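Indexing begins at 1, ligand by ligand and atom by atom, following the structure's order. This structure is a prediction, so every number in the text was calculated from the model and none was measured.
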Amino acid sequence: MAREIYEPGEIPPLGEVPRYMYAALIRRDRYGQPADAIRIEPVEVPAVGRGQVLLMVMAAGVNYNGVWAARGTPADVIAARLKQGDPHDFHIAGSEGSGVVWAVGEGVHGLGVGDHVIVGGVRWDESATDIRMGVDPTASTSQRAWGYELNFGSFAQFTVVDEYQCHPKPARLTWEEAGCFLGGGSTSYRQLFGWPPHTVQPGDPVLVWGGSGGLGSMAIQLVHHFGGIPVAVVSDDAKTDHCLRLGARGVVNRRRFDHWGRLPDAEDTAAFQSWLQGARAFGRQIWETLGERRSPRIVLEHPGRDTLATSVYVCDNAGMVVTCAGTSGYNGDIDLRFLWMFQKRLQGSHAANVRQTRAVVDLVGAGRIDPCLSLTVPFGEIGAAHQLVHENRHPSGNTAVLVNAPEPGLTELP
Ligand code: NAP
């Protein structure tokens, strides 16, 4: 008879689904610091729907979605779902991971029990009218972030994902390497290659904010691999070597400048001139780092409030600032004159479609891009790992959590 629950790291016989699982739960009454908000509790294993598979999670990647979910802001994702009639009063975060297909739902044709997969972080309704009319699924009104807007993410022994979220795990990658890079890798891939004609071309200078972060580490490598010239921004000289090793031409330390934050009103001449001086000096520093007087054709944005105005300013004429986040705040100001007079493009970008996601999996699988795993923590330290991200104290690169993988370094089921 099947056991009711297994301990993390204790693998049931292939295909045997216990009734309960351990999961890293966020509850509304403990929203706040991630270290306190996220706790391991037993819950029922979720049911598998049509077109879905049940995955035994071996490892999962840590990213900002879990921080926001734990803090209950900018959205109370549990309250939002309860309002829509969802019966669950908790949230399981985790928007990327690696694992083994443990059960297969009706209508799944490309996956079978025992397959090793990496999972992408967005879900949509393949029968949505806009998708049928040709809209990219990531821009569909049905698109939701798995492990954030949608419950039952990867910080649990089992999770349910749609078939198209799954990509074959490259055999050479350990579970934790496979589970840590796709969020930042696929999102930055879409930012850099998803918005023609502003795709990275050989010789293009590209400015990468947060070069040592999860997204930035992948972006530097992607730009470099396709012949562009990445210039990374960091807040600490100790992160320089990491960026250079990944292929950055050079690194700018943002702490040497102090014009960050909301843009002063253009009519407030003194304050605006002071901001402009800072932005110009930052632009000159990019030229110096690049070794030539060329401005970035693409600026990979995500800090938002503190940096957007500068990104638009330093971007080359007819270039593109492409953003996927507001890490430092959601109110991003720009001086429109720099946008229209120099005919720059400000582009929003979110997650990645199946083709873009697969491209990154293939590049990492072929050993051309490093998954940049820098920290691996056990299942019980999911909250602590998110706390590090929240405080920007995590090491350069990506962080993974061992969920059912009993130890680091495994590429197969033990
Ligand atoms: P991360 O590993 O924490 O890296 C973020 C980097 O941003 C940090 O390393 C930090 O580098 C830099 N940073 C922090 N505050 C900053 C500020 N005020 N000004 C300039 N730089 C600042 O996070 P990540 O995984 O790379 O993700 C970055 C952002 O992208 C997050 O907001 C995340 O939610 C978002 N994201 C969005 C999607 C999407 O689909 N829309 C997908 C993945 C990630 P320094 O301190 O060294 O400068």
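Each of the following atoms of ligand 1 lies closer than 4.0 Å to a heavy atom of Val234: 47 (O), 48 (O). With ligand atoms numbered from 1 in the order given, ligand 1 contributes 6 (C), 7 (O), 11 (O), 12 (C) to contacts under 4.0 Å with heavy atoms of Gly210.
Only the side chain of Pro303 comes within 4.0 Å of ligand 1, judged by heavy-atom distances.
Remark: Glu292 CD is packed, more than 12 non-hydrogen atoms of other residues, nucleotides or ligands lying under 6.0 Å away.
For atom 26 (O) of ligand 1, the nearest non-hydrogen atom of the protein is Leu215 N, 2.8 Å. Atom 38 (C) of ligand 1 has as its closest protein heavy atom Thr187 CG2, 3.7 Å. Counting only heavy atoms of the protein, atom 7 (O) of ligand 1 lies nearest to His302 CE1, 3.5 Å.
Side-chain N/O atoms of Thr307 and Glu301 include a donor and acceptor closer than 3.5 Å. There is a side-chain donor-acceptor pair under 3.5 Å between Glu96 and Asn63. Side-chain N/O atoms of His167 and Arg358 include a donor and acceptor closer than 3.5 Å. Checked by atom type, the side-chain pair Thr310/Trp260 shows no donor-acceptor distance below 3.5 Å.
Note on ligand 1: Trp68 sits in its first shell, one or more heavy atoms being nearer than 4.0 Å. Using a 4.0 Å heavy-atom cutoff, His394 is listed among the residues neighbouring ligand 1. Using a 4.0 angstrom heavy-atom cutoff, Asn392 counts as in contact with ligand 1.
Considering only non-hydrogen atoms, atom 40 (O) of ligand 1 lies nearest to Ala351 out of Gly216, Gly348, Ala351. Of the listed options His390, Arg254, Lys239, Arg254 places a heavy atom closest to atom 13 (N) of ligand 1.
For the pair Asn63 and ligand 1, the shortest N or O to N or O distance does not fall below 3.5 Å. Considering backbone and side-chain atoms alike, Trp209 places every N or O at 3.5 Å or more from each N or O of ligand 1. The shortest N or O to N or O distance between Gly397 and ligand 1 is not below 3.5 Å. Note: no N/O pair closer than 3.5 Å links Thr307 and ligand 1 by distance alone.
Less than 6.0 angstrom separates the ring centroid of Phe155 from the ring centroid of His386. Phe282 and Tyr313 have their aromatic ring centers separated by at least 6.0 angstrom. Aromatic ring centroids of Phe90 and Phe152 lie under 6.0 Å apart.
Taken from OG1 in Thr289 to CD1 in Ile229, the straight-line distance is 12.0 Å, to the nearest 0.5 Å.
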